[in-house]
Amino acid sequence: MSKPSIPQGTRDFGADVVRKRSYIINTIKNVFELYGFEPLETPAMENLDTLMGKYGEEGDKLIFKILNNGLSDPKNTDKAKMAFENVLQGKNDKNLTERALKYDLTIPFARYVAMNHGQLTFPFKRYQVQPVWRADRPQKGRYREFYQCDADVVGSTSLLNEVELANIYSTVFQKLNMDVDIKINSRKILSALAELCGGTDKLTDITIAIDKLDKTGIEKVKEELLQRGLSENQVIVISQYLAIDGVNTEKLNKIKALIGTTVMGVKGIEELEYILNYQPPANSAQQLSIDFTLARGLNYYTGIIFEVKAKNVQMGSIGGGGRYDDLTGLFGVPNIPGVGISFGVDRIYDVMEELKLFPPEVHSGTQVLFFNLGDAESKIAFSLMQQLRDKGLRCELYHEQSKFDKQFKYAERKQIAYAVMIGSRELENNTCIIKKLGTGEQSAVGLPDLIRYSF
RNA sequence: GUGGCUGUAGCUCAGCUGGUUAGAGCAUCAGAUUGUGGUUCUGAGGGUCGUGGGUUCGAGCCCCAUUAGCCACCCCA
């Protein structure tokens, strides 16, 4: 028997971690509900068809596939062997695998909408908090099993949705006391840029290259663009684009000068202006900031895109999203536009832990420990404890009679705030001793009064 | 998928240019202490040094392979 272990990139969560994670998740859920979103859950696994081809070539490689059952049955042997040959050539084969763990929440949601569009009330606003799985190599802030919190609106093209989602971002991070940079851009602006530089078929090449600007610097980006087949002149236009800086209004003026001649560019700029007009000007800390280098990898985005990064800490993006015009079209139901955002719970947790942002109230374990000082004593203690439990206090009676030492240590390790001691002496005069473990102060209280004691 | 670093007690680690029986702190258990903890003291248990092979009179230390974890790239939350 080898040492017990868990798969790479997965984690067990102890009490303390679960409480902190719940704190994050509940904060996000509450804000989603405030904005009228309703919960949805979908299965851990989807049919492989549902997921394949939706995340680009790289994404497809990272989908966890589930091996079919029954392959060892002799009557399946030939099929399985042929299927395996296909898999070795990088193809998928239903005879070997037809299911996969979900890779994100958006595509399963689109599948759900496509399946149920007849019954849903549009615009349909749903939120979803569930784990997803990616066969990435784990590293800092990257896990193979992690949670996403998504909110999407489908069936509406109104930019008011983008405004609301942007507000959800700022509200949530404000509640979590996190300092973040909420970046916004429009795919339409990127398309306009591509139109000016070698055609729309170059859009992906351009976005991949400029996305690396803050990591590798402008020279490397130019190199990569040339390698990807753009001309010198086109690269010059892109460097002008990337050189745009200043506050949002300055950026908007500069982008107008550059791509204001294209239909697509004008549209993109209008969208950004619309959303920024709804921003409270005073609230500069949580203000959206335009970032024209923001591209986002997922290729189904068509309009406004968002990305959130934590300040003061080295961590990949902790949230992202955007508008997709025809997501359900992939599943045969066209003309349902949508827009959505996602929070990365695990990265938010890591950032908050690193910056020590969790409030102490997050700990919510046992509040009162009743000492066990004998059979008769603990019987009284038990009935009193039940009364306090009825009142909603979290209580425990130490599981066996033992030395004070042990019972104190138990309370200390579980961070229990109060100890209630009923020994033979207290039993005689019908009292108990309440001790506040933090300070060590203690007082005697009559047994009938314990129920009214304010812990 | 590509590259770098690390694996010694439950945890954090030390272990010199290879040399007797592999150590420390914390944690655990027992005792000093028969009703007041987090202090102190004493003692105890706990290791096939990640795994397999090689070099050597001799390997925790050197070499090779393998495995697991961490980090970076790629990509992303």
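A note on names: the letters A, B, ... follow the listed sequences, proteins ahead of strands, and every chain is numbered from 1.
The nucleotide B/C57 finds its pairing partner in B/G19, both defining distances of the Watson-Crick or G-U wobble pair being shorter than 3.5 Å. The pairing partner recorded for B/G3 is B/C71, the criterion being a Watson-Crick or G-U wobble arrangement whose two distances lie under 3.5 angstrom.
Taking the side chain of A/Ser424 as heavy atoms from C-beta on, and the options B/C71, B/C75, B/G35, the nearest nucleotide is B/G35. Side chain of A/Ser317, nearest nucleotide from B/A77, B/G37, B/C71: B/A77. Comparing B/G37, B/G35, B/A72 by their nearest atom to the side chain of A/Lys409 picks out B/G37. For A/Glu412, the side-chain atoms get nearest to B/G37 when compared with the rest of B/C75, B/G35, B/G37. Proximity note for A/Phe408 (side chain, C-beta onward) versus B/G37, B/C76, B/G3: the nearest is B/G37. The side chain of A/Gln139 lies closest to B/C73, out of B/C73, B/G35, B/A77. For A/Glu426, taking side-chain heavy atoms from C-beta onward, the closest of the listed nucleotides B/U36, B/G35, B/C76 is B/G35. Closest contact between the side chain of A/Phe146 and the listed nucleotides B/A77, B/C70, B/C75 involves B/A77. Here the nucleotide nearest the side chain of A/Arg134, chosen from B/U36, B/C74, B/C76, is B/C76. Here B/G35 is the nucleotide among B/A77, B/C71, B/G35 with the atom lying nearest to any side-chain atom of A/Phe404.
Residue contacts for A/Leu369: at a heavy-atom cut-off of 4.0 Å it reaches no nucleic acid atom on any strand shown. Contact annotation for A/Leu373: no contact, since no heavy-atom pair falls under 4.0 Å across all strands. Contacts of A/Lys61 with the nucleic acid, taken as non-hydrogen atoms under 4.0 Å apart, are absent. A/Ile433 comes within contact range of at least one nucleobase, with a heavy-atom separation under 4.0 Å. Nucleic acid contact for A/Gly316: none, since no nucleic acid atom lies under 4.0 Å from a heavy atom of the residue. Within 4.0 Å (heavy atoms only), A/Met421 reaches at least one base atom of the nucleic acid. Among the protein residues, A/Gly319 comes within range of the sugar-phosphate backbone only, with heavy atoms under 4.0 Å from sugar or phosphate atoms but none that close to a base.
A/Lys140 and A/Glu354 are joined by a salt bridge, as a carboxylate oxygen and a charged side-chain nitrogen come within less than 4.0 angstrom of each other.
Put simply, OH on A/Tyr398 is 16 Å from P on B/G35, counting in whole angstrom units. Rounded to a whole Å, the CD atom of A/Gln442 is 10 Å from the C1' atom of B/G35. Atom CG of A/Asp60 and atom P of B/C74 are 20 Å apart (whole Å). Atom OH in A/Tyr301 sits about 10 Å away from atom P in B/C76, given to the nearest Å. Straight-line distance from the OH atom of A/Tyr410 to the P atom of B/C29: 14 Å, rounded to whole Å. Taking atom CZ of A/Arg137 as the reference point, atom C1' of B/C5 lies 13 Å away to the nearest angstrom.
Applying the 4.0 Å criterion to OP1 and OP2 of B/G69, one finds that A/Gln8 has a side-chain N or O inside that range.
Residues A/Lys309 and A/Val180 form no side-chain contact, since every pair of their non-hydrogen atoms from C-beta on lies 4.5 Å or further apart.
Counting atom types as modelled, A/Arg142 pairs no side-chain N or O with a base atom of B/C70 as donor and acceptor under 3.5 Å.
A cation-pi contact links A/Arg134 to A/Tyr103, judged by a cut-off of 6.0 Å to the six-membered ring centre and 45° from its axis. For the pair A/Arg347 and A/Phe146, the cation-pi criterion (under 6.0 Å, within 45° of the ring axis) is not fulfilled.
Between A/Tyr300 and A/Tyr55, the distance separating the two ring centers is not shorter than 6.0 angstrom. The aromatic ring centroids of A/Tyr410 and A/Phe408 lie 6.0 Å or more from each other.
By the 5.5 angstrom centroid cut-off and the 30-degree plane limit, A/Phe343 is classified as not stacked against the base of B/A77.
Of the possible donor and acceptor atoms, one in the side chain of A/Lys102 sits under 3.5 Å from a partner among the backbone N and O of A/Pro43.
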